[in-house]
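Just below is one structure, and these are the notes that go with it.
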Amino acid sequence: MTDEALRDRWLDHATRTLSTSGRRAGAARTAIIEVLAREGQCLLTAQELLDRLGPRGSYSSVYRTLEELFGLGLLHRMSGRDGIARYEIADPERHHHHLIDETSGTAHPFTDDELERVIHAAAERLGVTLTGHEVVIRGRPSVQASHKRD
Ligand SMILES: [Zn+2]
């Protein structure tokens, strides 16, 4: 599902970042950025992006643009166990983590305030200023959870 506020916030942020970096905007890149803002809010592969672009996209423009946006900090990248890189837009205001359901392989975004507190405290103990973190939880639905409704 598309979060429209996030879409607009990221589009604005991406446009400003790209123009201050002095890069020339092309039609292919503009189309890719528009699709990413809507459909790249959680993990998307280059192939899925290409499929959504249809005739407006090409392998070379997709790979070039993903690298460029990643290099500018506008995207997060995660490598799955299948070795395929997945991208999502980097929200300047918020972030989420991923729960991978190992029975289906699907990733679900989640946020957890307690987890954030623990990570910030750990960074402090390690003596670093936190600049980023990512958490992936893998699991199967627990027996208790699946019998809860019985
Ligand atoms: Zn995500």
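Atoms within a ligand are numbered from 1 in the order they appear, just like the ligands themselves.
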For Asp101 and Arg140: C-alpha separation, side-chain torsions, deciding distance, then whether salt bridge (charged side-chain N to carboxylate O under 4.0 Å, His left out) applies.
CA-CA 6 Å; Asp101 178 345; Arg140 295 183 185 86; over 6 Å; no
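Between His98 and Glu134, the side chains place no donor N or O within less than 3.5 Å of an acceptor N or O (distance only, hydrogens not considered). In the model, Gln41 has no side-chain atom that pairs as donor or acceptor with a side-chain atom of His96 under 3.5 Å.
In this structure a side-chain-to-backbone donor-acceptor pair under 3.5 Å is present from Trp10 to Leu74.
By the criterion of a separation under 2.8 Å, the protein N/O/S atoms near the Zn ion (ligand 1) amount to Cys42 SG, Glu88 OE1, His96 NE2, His98 NE2.
Checked against side-chain contact (heavy atoms from CB on, under 4.5 Å), Arg56 has the following partners two or more places apart in sequence or in another chain: Ala31, Val35, Leu53.
Going from atom CG of Leu11 over to atom CZ of Arg38 covers 9.5 Å, rounded to the nearest 0.5 Å.
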